[in-house]
Amino acid sequence: MTQPPQNAPLQNDTFLRALRREPVPHTPVWLMRQAGRYLPEYRATRAKAGSFLAMAKNPELACEVTLQPLDRYPLDAAILFSDILTVPDAMGLGLYFAEGEGPKFERTVRTDADVAKLAVPDMETELRYVMDAVRVIRRELADRVPLIGFSGSPWTLACYMVEGGGSDDFARIKAMAVEAPQRLHAILRVVTDAVIAYLDAQHLAGAQALQVFDTWGGVLSPHLYREFSLRYLVEIAQRLPRGEGESTAPLILFGKGNGPYLEELAASGAEALGVDWTVSLGEARRRTGGRVALQGNLDPTTLYASPSAIRAEAVRALDDYAVANGGSRDGHVFNLGHGLSPGMDPAHVGALIEAVHAHSRR
């Protein structure tokens, strides 16, 4: 069996140690969408590439934008620059981006005949560009910090596959959930197998931690969440090979609106949970009882405030976790409760990172 690359020890392994709930010299921080349109250097690279997809499908350009925020800020982890919709695109649904409208698919999955056409893509052919990007990034990182690989959750990917793009109400897939649940489960079965293969391939290519983005799990009512989202997240956590000991690639399950289900997610077998800003870190720590590391959870819109206000909110979040964790900051990775937005000031992002490191450093 292929093994993930074994390089020299990391210069900064704080992120991985936090996910293992080991003592750390400071709370590590990385930010969802840290490589993105808020950075002028990112915009320059995108202009050179011609489009988002052209950039994402070029391993060298994907590496360039992955490293841009690390060259600017003392972040504790890099995350692969890609898109959550690479898997359904590789299934033949025809991903494209409409100006001002976000991602779209040329073909949807709404009938039994549509479902019958779905298959798990080959990771080193249809998705070779992603694996090549992981390999190039690992080489260029030169063991500065760990690299995070990622995927969308089965439910979130299915939302785009059924709706054909983003949605205000997810009417089609929610109707399918109650009218044709077996059809939706058939979609989720193939997508779950694909997500597991995709994350495993990223790990084997060099990703040292893995995150699943359940962006739209929070739109479901509790009984539908447990049936169509949670059960497949648990399956991923239990089936995904992650290595052993120090070579383990920890799995983070992140979901917008996952606050009501923290206890169940903590029992999934994942090493860490990412939480949004609708649940406090202190509450999340108390409810999960130290069974998992926690990642989060500053409201991203805080970054539109002044640097002094950003620092105050960062300190509040850090201390909220530490108080609930018996005074210890171990087991916490600082992040936003969702991703950075294009209009955010890079200087404010820098103020946040500096505040997290300064306040948490021992």
Side-chain angles (χ1 to χ4, degrees), residues 19 30-33 79-80 82-88 102-103 148-163 165-167 169-170 173-174 176-177 184-185 187-200 202 207 209-240 242 249-279 284 287-288 292-297 299-300 333 335-339:
L19 292 180
W30 71 277
L31 304 172
M32 289 182 277
R33 293 201 205 118
I79 183 166
L80 165 71
S82 188
D83 191 84
I84 65 168
L85 299 180
T86 51
V87 169
I148 306 165
F150 72 91
S151 173
S153 72
W155 163 258
T156 292
L157 297 183
C159 284
Y160 289 98
M161 295 165 71
V162 173
E163 300 288 343
S167 175
D169 55 12
F170 298 95
I173 192 166
K174 286 186 176 183
M176 186 185 291
L184 183 51
H185 280 303
I187 296 170
L188 292 166
R189 171 79 275 125
V190 179
V191 175
T192 299
D193 289 344
V195 167
I196 291 170
Y198 186 53
L199 291 171
D200 184 36
Q202 289 181 52
L210 302 165
Q211 176 157 311
V212 174
F213 287 84
D214 190 28
T215 308
W216 299 122
V219 306
L220 288 166
S221 60
H223 75 285
L224 293 178
Y225 174 83
R226 291 185 172 97
E227 181 173 358
F228 294 107
S229 183
L230 178 64
R231 67 183 284 181
Y232 294 102
L233 293 173
V234 172
E235 182 175 343
I236 290 167
Q238 294 179 352
R239 284 181 52 203
L240 177 64
R242 301 201 280 286
L251 175 65
I252 307 163
L253 299 180
F254 167 76
K256 274 182 71 182
N258 66 0
Y261 314 105
L262 293 180
E263 292 88 348
E264 292 157 279
L265 288 163
S268 67
E271 284 74 22
L273 301 183
V275 295
D276 71 12
W277 63 93
T278 61
V279 58
R287 287 172 52 196
T288 55
V292 289
L294 292 174
Q295 179 178 278
N297 70 336
D299 185 337
V333 173
N335 208 314
L336 303 176
H338 199 234

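These numbers were taken from a predicted model, which means no experiment stands behind them.
Taken from OG1 in Thr288 to CG in Leu294, the straight-line distance is 4.5 Å, to the nearest 0.5 Å. Atom CD of Gln202 and atom CG of Leu210 lie 6.5 Å apart (nearest 0.5 Å). Arg226 contributes atom CZ, which lies 11.5 Å from atom CG of Leu220 (distance to the nearest 0.5 angstrom). Remark: Leu233 CG to Arg231 CZ distance equals 12.0 Å, nearest 0.5 Å. Annotation: the span from Phe150 atom CZ to Ser82 atom OG amounts to 4.5 Å, rounded to 0.5 Å. Interatomic distance, CG of Asp200 versus OG of Ser151, reported as 12.5 Å (0.5 Å rounding).
Between the side chain of Lys174 and the backbone N or O of Val219, at least one donor-acceptor pair lies under 3.5 Å. Of the possible polar contacts, one joining the Glu163 side chain to the Ile173 backbone as a donor-acceptor pair under 3.5 Å is found.
Minimum interatomic distance between Gly337 and Pro300 (heavy atoms only, all atoms of both residues): N-CD, 4.2 Å. The two residues Ala209 and Leu19 come nearest to each other via the heavy atoms CB-CD1, 4.3 Å. When all heavy atoms of Leu85 and Leu157 are compared, the closest pair comes out as CD2-CD2, 3.9 Å. When all heavy atoms are compared, the tightest approach of Glu235 to Ile196 is O-CD1, 4.3 Å. Of all the heavy atoms in Gln211 and Phe254, the pair that sits closest is NE2-CB, 3.6 Å. Nearest heavy atoms, Gly217 versus Thr156: N-OG1, 4.3 Å.
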Given side-chain contact (heavy atoms from CB on, under 4.5 Å), test His338 with Thr215 step by step and report yes or no. CA-CA 9 Å; His338 199 234; Thr215 308; 4.0 Å; yes
Walk me through whether Thr86 and Tyr198 qualify under side-chain contact (heavy atoms from CB on, under 4.5 Å). CA-CA 10 Å; Thr86 51; Tyr198 186 53; 2.8 Å; yes
From CA spacing to verdict: side-chain contact (heavy atoms from CB on, under 4.5 Å), Leu253, Asp214: CA-CA 7 Å; Leu253 299 180; Asp214 190 28; over 6 Å; no
Might you work through the side-chain contact (heavy atoms from CB on, under 4.5 Å) test for Glu264 and Val234, ending with a clear yes or no? CA-CA 9 Å; Glu264 292 157 279; Val234 172; over 6 Å; no
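Side-chain contact between Arg239 and Asp193 is present, with at least one heavy-atom pair separated by less than 4.5 Å. Annotation: side chain of Asn335 is in contact with side chain of Leu31 (closest heavy-atom distance under 4.5 Å). Using a 4.5 Å cut-off on side-chain heavy atoms (C-beta onward), Phe213 and Lys256 make no contact.
In this model, a donor atom of one side chain and an acceptor atom of the other lie less than 3.5 Å apart for Trp216 and Tyr160. For the residue pair Tyr261/Ser229, the side-chain donor-acceptor check at 3.5 Å is not satisfied.
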